[in-house]
Structures are given as structure tokens and as C-alpha cells.
Amino acid sequence: PPPWGGGGGGESEEGALLPRTPLDPQRPTPETPTALGGLIKRQGWSAAESFDLCVFMGDLNYRVEGNRTAVNVLLERGMMEVMRANDQLAIERSAGRAFGGWSEGELAFPPTYKLDRGSVDTYDTSAKRRVPSWTDRVMWRTKEGGKVRCEAGAATVYTSAPGVRTSDHLPVVARIEATLMDASRPHSPSSSSSGPSGKRRGSSSRMTLCSVM
């Protein structure tokens with residue numbers, strides 16, 4: 001059997017969560033808040049709907065489900081697919097409980113938290129021995145019918161920056177390729193109008209971008 005226990009979820013003999021233990025699948029999706037005088041009215045409403053492209057980045061604090069000993073073994077053996085399957089953010093997104101409609105690049109780099117300061121591969125050696133996790137993330141979302149498109153695999157770069165070691169987190173870097181629709185389409189007579197001088201004035205293409213970090 002694998003070093004972290006049996007084939008299913010649950011707890012090991014030591015009482016710690018096994019790497020494949022999912023979050024509670026019965027946990028209900030929180031209702032949309034009705035604060036701010038009812039400003040937020042529709043369940044599932046998101047401020048992202050107001051923008052053609054939104055990029056969300058930061059320390060979201062999602063962890064990898066499992067105990068420290070088990071995750072250490074996964075890292076030593078390069079079993080990244082098992083760690084990704086137990087990433088809390090991925091679990092929540094798959095269950096529809098968080099970041100619905102958002103996209104993210106593949107987590108093909110080692111966890112960026114929690115490292116001993118100044119190190120790129122020595123994870124928390126303090127008494128807390130925190131489980132190595134991808135807490136810092138970059139995601140994006142485009143508006144349906146908007147002027148920006150991000151195709152599958154839009155994150156052509158998604159990795160950590162091991163050269164920056166001033167924190168117990170390694171920074172995460174992402175390059176997201178987006179296409180502005182109709183930006184270079186020739187103006188047709190039907191889409192232009194005459195200005196005061198009689199010259200043709202073409203229609204313009206605009207897009208809205210929101211970046212939250």
C-alpha cells in the first residue's frame with residue numbers, strides 16, 4: 001500500500017487526513033449575501049460580469065488536503081497529479097462552490113508555500129510543519145459576449161519565481177494571452193458616420209479590464 005494509508009479517503013492510523021480525503025461534499029453552497037441594501041440580488045451574481053476580462057491574483061490560502069508526512073512523500077516521488085487532485089481550490093471549483101466560470105493554468109510547478117525564508121525547496125521546518133500548498137494563484141475570466149476571448153491554454157506561462165526569496169511564499173508569475181475581438185476589422189460604411197467636417201469617422205472597439213490582487 002502507499003505510505004500514506006489505504007486506497008480510500010478518511011484518516012490514517014495516526015488520525016491525520018489522507019492525501020485523497022476530499023472536503024465535505026455535503027457542505028452547502030453559501031447563499032448570495034443580501035447586504036448593501038439589496039445591491040447584490042441574484043444568486044451567483046459576480047462583479048466580474050461587468051468587465052470583458054478580469055484577472056484575479058493573490059494569496060487565496062487554499063491548501064493541499066493531507067498530512068505533512070504524506071505530502072512530503074508525494075513531493076519526493078514527483079506525484080504532482082495526486083497533489084493537484086487534492087488541491088482545495090480545485091475541489092471547490094469542481095463542486096461549483098468557488099470561482100465559477102474562472103480559468104487557471106496548470107499547476108506544473110512545486111508548491112510555493114510555506115518555505116523557510118531564503119529557500120526554494122525547504123518547506124516549513126517550524127513546529128507547525130505546514131503542508132506544502134499552492135496558496136498563491138492567478139485566474140482569469142472573460143464575459144460571455146464580451147470583446148475579449150481567452151482560448152484554452154491561454155496561460156502560456158504559469159510558474160513560480162524562485163529567484164525572489166524575501167518571503168515564506170515564492171511569487172507566482174502568469175502570462176495570459178487574450179484576443180481583442182473586432183479590433184482590426186476594417187470600418188464599413190454602415191459602421192461609420194460623418195463628422196462635422198464631412199469626413200468619415202469609424203466606430204471604435206473598446207474593452208473593459210479589471211485586475212484584482
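Computed from a predicted structure; not experimentally measured.
Side chains of N61 and T135: a donor-acceptor N/O pair is absent below 3.5 angstrom, by distance only. Of the N and O atoms on the side chains of R149 and T179, not one donor lies less than 3.5 Å from an acceptor on the other residue.
Between G105 and A155, the shortest heavy-atom contact is CA-CB, 4.0 Å. Listed here is the closest heavy atom pair of V71 and M83: CG1-CE, 3.6 Å. Residues A48 and W102 come closest through the heavy atom pair CB-CZ2, 3.9 Å. P162 and L170 get closest at one heavy-atom pair: CA-CD2, 4.0 Å.
Atom-to-atom distance recorded for K143:NZ and D52:CG is 4.5 Å, nearest 0.5 angstrom. Atoms CZ and CD, on R63 and Q88 in that order, are 8.0 Å from each other to the nearest 0.5 Å.
Without hydrogens or angle criteria, D116 side chain to S119 main chain gives no donor-acceptor distance under 3.5 Å. Within the 3.5 Å criterion, the main-chain N or O of S126 finds no donor-acceptor partner in the side chain of R129. With hydrogens and angles disregarded, a donor-acceptor distance shorter than 3.5 Å links the side chain of R68 to the backbone of R130. Side-chain atoms of R141 come within 3.5 Å of backbone atoms of G100 as a donor-acceptor pair (strictly under, hydrogens ignored).
No close placement of the Y113 and Y123 rings is indicated, their centers lying 6.0 Å or farther apart.
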side-chain contact (heavy atoms from CB on, under 4.5 Å) between E177 and E151: does it pass, once the steps are laid out? CA-CA 8 Å; E177 293 191 354; E151 304 296 337; over 6 Å; no
Show your working on side-chain contact (heavy atoms from CB on, under 4.5 Å) between V172 and H169 and close with a plain yes or no. CA-CA 9 Å; V172 172; H169 295 241; over 6 Å; no
Worked check of side-chain contact (heavy atoms from CB on, under 4.5 Å) between Y158 and R175: CA-CA 7 Å; Y158 194 35; R175 182 174 66 201; over 6 Å; no
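Side-chain contact between L115 and V120: absent, with no pair of heavy atoms (C-beta onward) separated by less than 4.5 Å. In this structure the side chain of I176 reaches within 4.5 angstrom of the side chain of C150, judged on heavy atoms. Using a 4.5 Å heavy-atom threshold, the side chains of M139 and V55 count as separate. Counting heavy atoms from C-beta outward, D87 and R137 have side chains that approach closer than 4.5 Å.
Between R117 and D124 there is no salt bridge, since no side-chain N of the basic residue sits under 4.0 Å from a carboxylate O of the acidic one.
W140 and V173 are not part of a single hydrophobic cluster, where members link through side-chain heavy atoms under 4.5 Å apart.
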